[in-house]
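Keep in mind that what you see is a predicted model, and the values were worked out from it rather than measured.
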Amino acid sequence: MSKTADIRLPDPSRWKALAFIALAQLMVVLDATIVNIALPHAQTALGISDANKQWVITAYALAFGGLLLFGGRIADLWGRKRTFVVGLIGFALASALGGAAQNQGMLFGSRALQGVFGALLAPAALSLLAVMFTDARERAKAFGIYGAIAGGGGAVGLILGGFLTQTLNWRWTFFVNIPFAIIAAAGAYFVIREPSGSRNRASLDIPGVVLSALGLVSLVYGFTRAESAGWSDGLTIGMFVASGVLLLSFALTEARVKSPLLPLRVVLDRNRGGVYLSLGLAVIAMFGLFLFLTYYLQVVRGYSPIRTGFAFLPMIAGMITGSTQIGARLMTRVPARKLMGPGFLVAAVGMLLLTQLEIGSSYAGLILPAQLLLGLGMGTAFMPAMSLATHGVEPRDSGVASAMVNTSQQVGGAIGTALLNTIAASAATAYASSHAALGAKNPELLKLQSMVHGFTGAIWWAVGILVVASAIAVTFINAGRPSAGPVGGDSGSGDTEGVEDEFKIPVVAH
């Protein structure tokens with residue numbers, strides 16, 4: 001009996017495939033912010049009330065966040081390539097429906113459909129990378145590019161959304177997705193070759209699908225409603241209670257069923273669990289920054305939508321540099337925690353600078369360096385996080401492991417928007433009440449000062465959240481430095497720093 005290394009030859013088209021996967025990821029990330037810029041114009045054109053305008057954002061978030069785990073399991077069952085292409089085509093059709101919307105019902109429905117197909121597309125894209133790039137150095141580069149797009153694409157959406165809204169009209173923020181999707185789908189169909197034997201053909205866990213979808217929808221809607229109705233609102237509290245009961249029932253179900261939707265081995269591994277938790281916390285802080293800086297630049301400083309978008313360019317540059325030049329170069333040399341922990345701390349320092357915001361703060365002297373630090377830190381941390389989140393999983397679990405990355409980001413974004421915006425609003429109200437004398441003399445000045453005070457108060461919380469994310473990354477993640485050779489299968493979670501067991505080539509007996 002002899003032993004041979006089970007080494008799969010790399011796909012010769014993998015780098016071409018990466019281009020189309022990255023294009024699809026860019027489309028999904030762009031859509032998260034591009035619609036925000038166009039929302040006031042769409043609201044006016046379709047006669048959407050202030051009470052209902054939130055559903056343009058909420059309909060997408062509920063469908064996307066609630067169905068991500070289901071989408072990841074479908075990718076494992078159908079095949080990543082097929083799921084990826086179906087997700088792209090569906091996203092394009094939903095975008096066409098949104099651009100052609102004649103009333104609020106059509107617009108809300110199109111956004112929900114975008115969320116459904118995005119929940120298929122996003123985990124399929126990440127899991128394709130996980131199974132196509134098996135060499136550690138190449139994997140680092142691929143995930144560096146993917147991480148930069150995932151982190152910086154939202155800011156690009158602000159630029160593109162502002163440009164399309166100002167020069168054309170709000171409908172083009174939907175129509176622009178169609179060429180992205182067509183090019184990515186055509187490229188994927190002809191270029192991507194999914195490795196054989198990597199599907200999970202086990203029967204679908206229907207109770208798990210229902211419980212996870214309802215639990216995540218309740219959680220996302222609870223935080224979304226808290227932003228408008230308050231944390232003490234009865235329905236808000238009811239959503240959180242329902243979410244807790246449903247997700248607990250989901251966990252108990254997954255521990256018992258034969259073919260679980262989310263195998264608990266995926267999340268109970270300390271490295272992957274640490275990535276999901278720290279990444280979700282970091283996204284809370286980052287979404288808060290997008291929200292506050294957008295309002296600060298447009299409302300307080302009077303920037304146009306296009307100028308606001310360009311003002312975010314330093315953050316994009318920082319993320320690209322952090323992902324491709326720092327994270328990707330060091331990932332094969334140092335343990336992931338020594339990139340993620342310091343990366344989140346550097347981002348926290350950038351966020352700390354923004355606690356000094358005032359009405360007349362200098363862009364070049366304060367906002368620009370803060371964005372550079374935040375981008376560098378996030379980019380450096382995101383790259384190993386994206387790779388480690390799917391690293392070591394069995395091929396049959398790569399789709400659902402990828403879905404967990406997106407789930408942590410989506411839930412983190414919903415929490416960040418609601419939590420930090422609520423904190424900012426409370427701080428602004430308290431400031432206005434304690435400075436009523438100024439309001440009698442100059443109400444407009446008091447309004448702006450209260451707004452900025454609210455922003456800085458919430459940003460302090462974001463600083464603390466990033467510090468906690470750094471501590472979790474350093475404490476939980478103990479995967480050793482990967483070698484430059486091929487990436488193997490799952491080997492458990494007991495690695496210590498410098499030990500490369502998690503990255504060994506699997507050996508099979510013949």
Side-chain angles (χ1 to χ4, degrees), residues 28-29 31-32 54-55 57-77 83 87 108 111-127 150 204-228 231 235-255 257 260-264 266-268 272-273 275-284 287 389 397 399-419:
V28 173
V29 177
D31 194 72
Q54 65 161 328
W55 284 102
I57 308 300
T58 304
Y60 178 85
L62 290 178
F64 190 74
L67 295 175
L68 268 168
L69 284 176
F70 177 61
R73 180 65 183 87
I74 289 295
D76 288 334
L77 181 64
T83 306
F108 298 160
R111 289 291 284 163
L113 282 175
Q114 280 186 319
V116 170
F117 287 106
L120 288 176
L121 172 61
L126 188 55
S127 59
L204 192 60
D205 172 21
I206 299 300
V209 170
V210 174
L211 290 170
S212 66
L214 291 178
L216 289 172
V217 164
S218 298
L219 182 64
V220 172
Y221 183 65
F223 277 101
T224 302
R225 182 173 175 81
E227 185 179 359
S228 57
W231 297 96
L235 184 55
T236 301
I237 296 172
M239 286 294 101
F240 287 133
V241 172
S243 174
V245 172
L246 288 165
L247 291 177
L248 177 60
S249 300
F250 171 68
L252 294 174
T253 299
E254 299 308 275
V257 297
L261 174 68
L262 175 62
L264 296 184
V266 172
V267 293
L268 293 181
R272 287 191 289 273
V275 166
Y276 299 144
L277 187 55
S278 62
L279 197 60
L281 288 171
V283 170
I284 289 177
F287 265 63
D397 293 334
V400 74
S402 302
M404 277 302 301
V405 179
N406 289 282
T407 300
S408 65
Q409 290 178 301
Q410 185 67 20
V411 173
I415 293 173
T417 301
L419 175 64

Next item on the list: Would you please test Leu69 and Met404 for side chain to side chain contact (heavy atoms under 4.5 Å, CB included) and show each step?
Entry: CA-CA 7 Å; Leu69 284 176; Met404 277 302 301; 3.6 Å; yes
Note to self: Rounded to the nearest 0.5 Å, what separates atom CG in Leu279 from atom CZ in Arg272?
What the structure shows: 15.0 Å
Notebook entry, point to check: Under 4.5 Å between any side-chain heavy atoms of Pro207 and Val257, yes or no?
Noted result: no
Notebook entry, point to check: Is there a donor-acceptor contact under 3.5 Å from the side chain of Glu254 to the main chain of Leu262?
Noted result: yes
Next item on the list: List in chain and number order the residues that pass side chain to side chain donor-acceptor pair (under 3.5 Å) with Thr236, two or more places apart in sequence or in another chain; answer none if no residue qualifies.
Entry: Asp233
Next item on the list: Find the distance between CG (Leu211) and CD1 (Ile206) and round it off to the nearest 0.5 Å.
Entry: 11.5 Å
Next item on the list: Supply the atom-to-atom distance Leu216 CG to Leu68 CG, rounded to the nearest 0.5 angstrom.
Entry: 8.0 Å
Check: Taking only residues two or more places apart in sequence, or in another chain, which ones meet Ser278 in a side-chain contact (heavy atoms from CB on, under 4.5 Å)?
Finding: Met340, Phe344, Ala469, Ile472, Ala473
Give the table of side-chain donor-acceptor pairs shorter than 3.5 Å for residues 112-123, with sequence neighbours excluded, one pair per line with atom names and distance.
residue: Gln114; atom: OE1; partner: Arg111; partner atom: NH1; Å: 2.9
residue: Gln114; atom: NE2; partner: Asp31; partner atom: OD1; Å: 3.4
residue: Gln114; atom: NE2; partner: Ser95; partner atom: OG; Å: 2.9

Next item on the list: Quick one: closest heavy-atom pair of Trp231 and Ile237, and the distance?
Entry: O-CG1, 3.6 Å
Note to self: If the condition is side-chain contact (heavy atoms from CB on, under 4.5 Å), which residues does Val209 pass it with, not counting sequence neighbours?
What the structure shows: Phe70, Leu204, Leu261
Notebook entry, point to check: Between Leu214 and Phe250, is a side chain to side chain contact (heavy atoms under 4.5 Å, CB included) present by the stated rule, with each step listed?
Noted result: CA-CA 10 Å; Leu214 291 178; Phe250 171 68; over 6 Å; no
Next item on the list: Not counting sequence neighbours, list each pair that qualifies as a side chain to side chain donor-acceptor pair (under 3.5 Å) and has a residue in residues 238-253.
Entry: none
